[in-house]
Amino acid sequence: MRRSEMSEATIADLAEKLDSEGMLAHLQSFVSDLRGSFERLGSAGPSWVEDLRSRSWKGVLCLGMGGSAAGGSALASLSDVQGSLPVNVHRDHGIPHWWDREHLVIASSYSGNTEETLDAVRNVISKGGCVICICSGGELAGLAELYSDVHLVLVPAGQPPRSAFGHLFGTQLSLAWNLGLFRKPSSGDLEAMLQRLQNLLEACDFTRHPQNDIAYLAAALVDRSIALIGVTELSSMVNRFVCQFNENSARFARASVMPEMNHNEIIPWGGVGPDKDPDSSEQALLLLTWKGIHERIAQRMNWFVEHLETEWAWKIECEGSSLLEAMLYSCISMDWLSCGLALLHGKDPTAIGPIVALKEHLASVKSD
């Protein structure tokens with residue numbers, strides 16, 4: 001479906017027909033989810049927060065899988081720019097060999113029943129580590145009742161984990177502020193950011209504005225393979241977007257980071273000489289950047305854009321007064337884009353049949 005073929009009600013009609021489990025309603029509540037998460041711990045937090053703040057930590061290890069791991073990756077990106085401690089992310093069973101009890105562990109599992117995350121947490125507990133569990137219930141919540149150095153922060157239940165980024169990442173960020181890992185913005189700056197994000201959300205909502213830029217971009221991507229390239233500071237968001245395209249849209253997508261891709265992937269994109277992939281001119285590209293990039297990266301990006309041979313490329317400036325706002329700006333834009341692409345493909349953006357089938361298989365194997 002091309003831009004000229006989109007009628008005023010097309011994508012809104014598709015949403016009404018296909019969005020049977022309310023994914024778009026979760027997207028519409030993203031900013032209010034963030035606001036609630038920022039307020040969840042209060043001004044000082046539970047008593048255990050003060051105890052953890054007084055300890056000397058060497059770093060933070062975030063555990064999680066899928067949508068529940070995305071917040072840890074975002075926290076790590078922020079830490080690289082403004083944090084006081086390194087933040088690492090682990091997406092698997094077990095824990096890294098280098099981990100020790102001087103590393104605080106934040107375990108995120110929206111359901112509280114993620115197999116890999118539970119296994120990792122039990123490994124940490126067995127070695128005497130401290131864990132903060134962020135979940136909506138499940139086995140992970142139960143562990144906090146059994147061990148004195150396992151702490152629980154509950155988030156609202158009832159939605160797909162990939163749509164709960166506002167709850168999960170907002171809670172992780174609030175913890176980081178309360179623990180003194182990052183400097184918390186002033187209440188005025190925070191409120192101004194949330195209002196700008198709300199304005200963006202309403203502009204992206206194609207159920208209210210069926211001919212907005214998100215709907216047109218989704219239409220342009222329908223029949224094309226998708227590549228996402230982002231600058232280093234936005235790499236966690238680029239990886240999350242690939243997962244959103246995979247789950248919401250049932251589409252393959254791939255991620256690269258600049259400047260690293262300038263040392264390898266730039267060759268098949270072509271533009272100089274004969275060395276290019278024959279399909280590069282038909283590849284769709286989303287290039288994500290923000291105002292805080294290094295001057296030399298900006299020069300690299302300008303050269304890359306100038307020499308691209310594909311006509312299907314969009315440079316997306318993630319707006320905001322801070323890296324945090326730029327990351328959240330990109331989350332809102334790309335979540336709506338992935339769902340718009342799902343609808344134009346005739347897919348319910350909530351449906352994840354293969355994941356459900358695999359979990360059922362693993363449960364049956366375990367029970368044997």
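All figures in this text were calculated on a predicted structure; none of them were measured in a lab.
- The shortest side-chain heavy-atom distance between M258 and M301 falls under the 4.5 Å cut-off.
- Other residues, nucleotides and ligands place more than 12 heavy atoms under 6.0 Å from the CD atom of Q299.
- Hydrophobic clustering (side-chain heavy atoms under 4.5 Å, transitive across Ile, Leu, Val, Met, Phe, Trp, Tyr) keeps L152 apart from I132.
- In this structure, F30 and S163 have side chains that are not in contact, with every pair of non-hydrogen atoms separated by 4.5 Å or more.
- Looking at L358 and P354, their side chains never come closer than 4.5 Å, going by heavy atoms from C-beta outward.
- D119 contributes no side-chain N or O that, together with a main-chain N or O of E115, makes up a donor-acceptor pair within less than 3.5 Å.
- Salt-bridge annotation for E191 and R35: present, with a side-chain N of the basic residue lying under 4.0 Å from a carboxylate O of the acidic one.
- Salt-bridge annotation for K17 and D13: absent, with no side-chain N of the basic residue lying under 4.0 Å from a carboxylate O of the acidic one.
- The OG1 atom of T350 sits 4.0 Å away from the CE atom of M23 when rounded to the nearest 0.5 Å.
- Here the side chain of S225 pairs no donor or acceptor atom with the backbone of Q283 at under 3.5 angstrom.
- Without hydrogens or angle criteria, H307 side chain to W303 main chain gives a donor-acceptor distance under 3.5 Å.
- Of the charged side-chain nitrogens involved, at least one lies within less than 4.0 Å of a carboxylate oxygen, so that E325 and R196 count as a salt-bridged pair.
- No side-chain donor-acceptor contact under 3.5 Å links E202 and H209.
- N212 contributes a side-chain N or O that, together with a main-chain N or O of A203, makes up a donor-acceptor pair within less than 3.5 Å.
- Linking Ile, Leu, Val, Met, Phe, Trp and Tyr residues whenever their side-chain heavy atoms come within less than 4.5 Å places F245 and L24 in a single cluster.
- Within the 3.5 Å criterion, the main-chain N or O of A70 finds no donor-acceptor partner in the side chain of S236.
- Looking at every heavy atom in both residues, R101 comes nearest to W57 through O-CZ3, 3.6 Å.
- In the hydrophobic cluster analysis, where Ile, Leu, Val, Met, Phe, Trp and Tyr join through side-chain heavy atoms closer than 4.5 angstrom, V131 is grouped apart from I106.
- Looking at every heavy atom in both residues, L63 comes nearest to V105 through CD1-CG1, 3.5 Å.
- Looking at heavy atoms from C-beta onward, L173 lies in side-chain contact with L324 at the 4.5 angstrom threshold.
- Of the inter-residue distances, the one linking L285 atom CG with I229 atom CD1 reads 4.5 Å to the nearest 0.5 angstrom.
- Look at D335 and R162 and you find no salt bridge, because none of the NZ, NE, NH1 or NH2 atoms lies under 4.0 Å from a carboxylate O.
- Of the N and O atoms on the side chains of D80 and S77, not one donor lies less than 3.5 Å from an acceptor on the other residue.
- The shortest non-hydrogen separation linking K58 to H103 is CE-CE1, 3.6 Å.
- Without hydrogens or angle criteria, S249 side chain to N246 main chain gives no donor-acceptor distance under 3.5 Å.
- Cluster annotation: L217 is connected to L341 through the hydrophobic network of ILVMFWY side chains, with a link wherever side-chain heavy atoms come within less than 4.5 Å.
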Quick one: do L201 and W336 satisfy side-chain contact (heavy atoms from CB on, under 4.5 Å)? Show the steps, please. CA-CA 9 Å; L201 189 154; W336 281 97; 4.2 Å; yes
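- Taking OG of S111 as the start and CE of M65 as the end, the distance is 12.0 Å to the nearest 0.5 Å.
- Remark: D223 does not engage R251 in a salt bridge, criterion side-chain N to carboxylate O under 4.0 Å.
- Outside the 6.0 Å centre-distance limit, the rings of Y329 and W290 are not counted as a close aromatic pair.
- Relative ring orientation between F304 and W269 is described as perpendicular, the plane-to-plane angle rising above 60° on a 0-90° scale split at 30° and 60°.
- The two atoms that bring E260 and N264 nearest to each other are OE2-ND2, 2.8 Å, heavy atoms only.
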Take V242 and F252 through the test side-chain contact (heavy atoms from CB on, under 4.5 Å) and record every step on the way to the result. CA-CA 8 Å; V242 168; F252 286 117; over 6 Å; no
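- Looking at S84, its side chain does come within 3.5 Å of a backbone N or O of L181 through a donor-acceptor pair.
- Enclosure of atom CZ in R296 is not indicated, since only 12 or fewer non-hydrogen atoms of other residues, nucleotides or ligands lie within 6.0 angstrom.
- The nearest pair of heavy atoms linking A76 to V87 is CB-O, 3.4 Å.
- By the neighbour-count criterion of 12 heavy atoms within 6.0 Å, atom NZ of K359 is sparsely surrounded, having that number or fewer from other residues, nucleotides or ligands.
- Ion pairing of R254 with E265 is present here, as a side-chain N (NZ or NE/NH1/NH2) and a carboxylate O approach within less than 4.0 Å.
- Here the CG-CG distance, from L34 to L190, works out to 9.0 Å after rounding to the nearest 0.5 Å.
- Atom CG of residue L104 and atom SG of residue C130 lie 5.5 Å apart, to the nearest 0.5 angstrom.
- A side-chain donor from one of S109 and T114 sits under 3.5 Å from a side-chain acceptor of the other.
- The closest side-chain heavy-atom distance from M334 to I316 is below 4.5 Å.
- With H345 contributing its side chain and D348 its backbone, the two residues share no donor-acceptor pair below 3.5 Å.
- If you take OG on S333 and CG on L286, they are separated by 11.0 Å, rounding to the nearest 0.5 Å.
- For the pair L221 and L337, the minimum side-chain heavy-atom distance is below 4.5 Å.
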Test E139 against C133 for side-chain contact (heavy atoms from CB on, under 4.5 Å), laying out the working first. CA-CA 10 Å; E139 289 186 49; C133 300; over 6 Å; no
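- With respect to the salt-bridge test (charged N to carboxylate O, under 4.0 angstrom), the residues R208 and D205 qualify.
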Pair K347, L18 - check side-chain contact (heavy atoms from CB on, under 4.5 Å), show working. CA-CA 7 Å; K347 178 187 179 297; L18 296 171; over 6 Å; no
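- Inspection of the S108 and Q172 side chains reveals an N or O donor paired with an N or O acceptor under 3.5 Å.
- E317 and T289 share no donor-acceptor pair across their side chains, judged by distance under 3.5 Å alone.
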Dump the intermediate steps for side chain to side chain donor-acceptor pair (under 3.5 Å) on T310 and R224, then the final yes or no. CA-CA 11 Å; T310 180; R224 303 194 177 278; over 6 Å; no
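- By the 6.0 Å contact criterion, NE2 on H294 is open, its count of non-hydrogen atoms from other residues, nucleotides or ligands being 12 or less.
- Using a 4.5 Å heavy-atom cutoff, the side chains of L78 and M327 are in contact.
- The backbone N or O of V155 sits nowhere less than 3.5 Å from a side-chain atom of S136 that would complete a donor-acceptor pair.
- Taking every heavy atom of both residues into account, P349 and L343 meet most closely at CD-CD2, 4.0 Å.
- Between F165 and F169, the ring planes lie parallel to each other; the angle is under 30°, not in the 30° to 60° tilted range.
- Taking the side chain as every heavy atom from C-beta outward, L175 and I134 approach each other to under 4.5 Å.
- The backbone N or O of D33 sits less than 3.5 Å from a side-chain atom of S37, completing a donor-acceptor pair.
- Hydrophobic clustering of Ile, Leu, Val, Met, Phe, Trp and Tyr side chains at less than 4.5 Å, counting indirect connections, unites W312 with F241.
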